S.K.: 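I'd like to ask you about the structure that follows.
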2 protein chains.
Amino acid sequence: MNDDELDRVFKALGDPTRRRIIDRLRERPKQSLFEICALSFADDGAPLSRQAVTQHLDMLQKAGLVRVEWSGRTKLHTLDPGPLREAFGLWLRNHL
Amino acid sequence: MNDDELDRVFKALGDPTRRRIIDRLRERPKQSLFEICALSFADDGAPLSRQAVTQHLDMLQKAGLVRVEWSGRTKLHTLDPGPLREAFGLWLRNHL
DNA sequence: TTGACATGCAATGATTTCATTGCATATTGA
DNA sequence: TCAATATGCAATGAAATCATTGCATGTCAA
């Protein structure tokens, strides 16, 4: 894992909506975009647009934290905790 | 530590220049702005302006990761790993 | 085969980030 | 005192982030 990948992981964690998405996907894998949308809310409790959630999921995917699989017309998202472990092992661990 | 503080910590870690500053301050505390400037470089190896480093240090300070103390005309910066430990304990630990 | 469903793609816009330059202020030492 | 030193403050600007809306595409099921 290089500096850029480390950037993407930590930046992905630097937003409360994305952390909540991670939390949800950890509880249950293979969730569709609509399922994630249904329980994603902005800071004030207002629901987020579908496209906003899509953009967050794209960032999580680029950081390697979310894996995608298609089932018909449904896109299923699953958490991959690997990059979290890597980022912890490679950098954060030295600073605790 | 609330969601906003968690944001600030992870966002602070999401930039390679800031991670290098943290690395340097961990090796030796109480470094002045100029000392940190002298060994801070952008991705391509070009030196950063003093003001750029100041802005990074401000972010680190707002995240609680850097403490400041004055000695005459010199501002001394020291790493505080507390928020890293908190962020790890409160959120990241559950995902490893 | 049509209509409802799940998602993709594109454009827009406000805000934040990252870095710069120029000038101002305060402290130290000769 | 005066010059060099160490930093602060303000303005600027390119790029990324976060969220929106509108329209298009592909898939399933009645």
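Scope of the values below: all heavy atoms of this structure, side chains included, with no hydrogens, waters or symmetry mates. Everything numeric here is computed off the predicted structure, so don't read it as measured data. Labels below follow one simple rule: chain letters A, B, ... track the order of the sequence lines, proteins then strands, and each chain is numbered from 1.
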S.K.: Start with the C-alpha gap between B:V68 and B:L76, add the side-chain angles, then the distance that decides, and say whether side-chain contact (heavy atoms from CB on, under 4.5 Å) holds.
M.R.: CA-CA 6 Å; B:V68 165; B:L76 299 176; over 6 Å; no
S.K.: May I have the distance from A:L33 (atom CG) to C:dG8 (atom C1'), rounded to whole angstrom?
M.R.: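 About 10 Å, once rounded to whole Å.
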S.K.: Strictly below 4.0 Å, heavy-atom distances to any atom of DNA chain D: list the hits from residues 7-32 of chain B, or just say none.
M.R.: B:S32
S.K.: Just by modelled atom types, is the B:A52 backbone N or O under 3.5 Å from a matching donor or acceptor in the B:S49 side chain?
M.R.: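 Yes, B:S49 side chain to B:A52 backbone: donor-acceptor pair under 3.5 Å.
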S.K.: Of all heavy-atom pairs between B:D7 and A:P16, which one has the smallest distance, and what is that distance?
M.R.: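 Minimum heavy-atom contact is OD2-CD, 3.1 Å.
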S.K.: Treating primed atoms plus P, OP1 and OP2 as sugar-phosphate and everything else as base, which nucleotides of nucleotides 25-30 of chain C get B, S or - for protein heavy atoms under 4.0 Å?
M.R.: --BB--
S.K.: Any salt bridge (Lys or Arg N to Asp or Glu O under 4.0 Å) involving residues 77-96 of chain B? Give me the pairs, sequence neighbours left out, ordered by first then second residue.
M.R.: B:R67-B:D80
S.K.: Under 3.5 Å, is there a donor-acceptor pair between the side chain of B:R24 and the main chain of B:S40?
M.R.: no
S.K.: Keeping the roles fixed (side chain from B:R19, backbone from B:A12), state whether a donor-acceptor pair exists under 3.5 Å.
M.R.: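 Flag not set: sc B:R19 to bb B:A12 has no pair under 3.5 Å.
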S.K.: What are the residues of residues 53-64 of chain A, sorted by number, that bring a heavy atom to within less than 4.0 Å of DNA chain D?
M.R.: A:Q55, A:H56, A:M59
S.K.: What does B:T74 touch in the nucleic acid at a heavy-atom separation under 4.0 angstrom: a base, only the sugar-phosphate, or nothing?
M.R.: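 Sugar-phosphate contact only.
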S.K.: Between A:L48 and B:E35, which residue's closest nucleotide on DNA chain D lies nearer the 5′ terminus?
M.R.: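 Here B:E35 is the residue nearer the 5' end.
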S.K.: Using a 3.5 Å distance criterion without hydrogens, assess whether the side chain of A:T78 forms a donor-acceptor pair with backbone atoms of A:K30.
M.R.: yes
S.K.: Using the heavy-atom set of chain B and a strict 4.0 Å cut-off, write down the first and last nucleotide of DNA chain D that makes it in, 5' to 3'.
M.R.: D:dA4 to D:dA10
S.K.: Could you work out, with salt bridge (charged side-chain N to carboxylate O under 4.0 Å, His left out) as the rule, every residue matching A:R8, not counting sequence neighbours?
M.R.: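 Expected list: none.
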S.K.: Hey, does the side chain of B:R18 reach the backbone of B:K11 with a donor-acceptor pair shorter than 3.5 angstrom?
M.R.: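 Confirmed, B:R18 side chain pairs with B:K11 backbone.
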S.K.: Hey, which of B:R20, B:Q31, B:E35 is the one that makes side chain to side chain contact (heavy atoms under 4.5 Å, CB included) with B:L25?
M.R.: B:Q31
S.K.: Are B:T17 and B:H56 close enough, and set up right, to give a side-chain contact (heavy atoms from CB on, under 4.5 Å), and what steps lead you there?
M.R.: CA-CA 8 Å; B:T17 302; B:H56 283 305; 3.8 Å; yes
S.K.: I want to check something: taking the side chain as every heavy atom from C-beta on, are B:D58 and B:Q61 in contact at a cut-off of under 4.5 Å?
M.R.: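 A side-chain contact exists here, since the closest heavy-atom pair is under 4.5 Å.
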S.K.: Parallel, tilted or perpendicular for A:W91 and A:F10, by the 30°/60° rule?
M.R.: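 Rings of A:W91 and A:F10: perpendicular, as their planes differ by over 60°.
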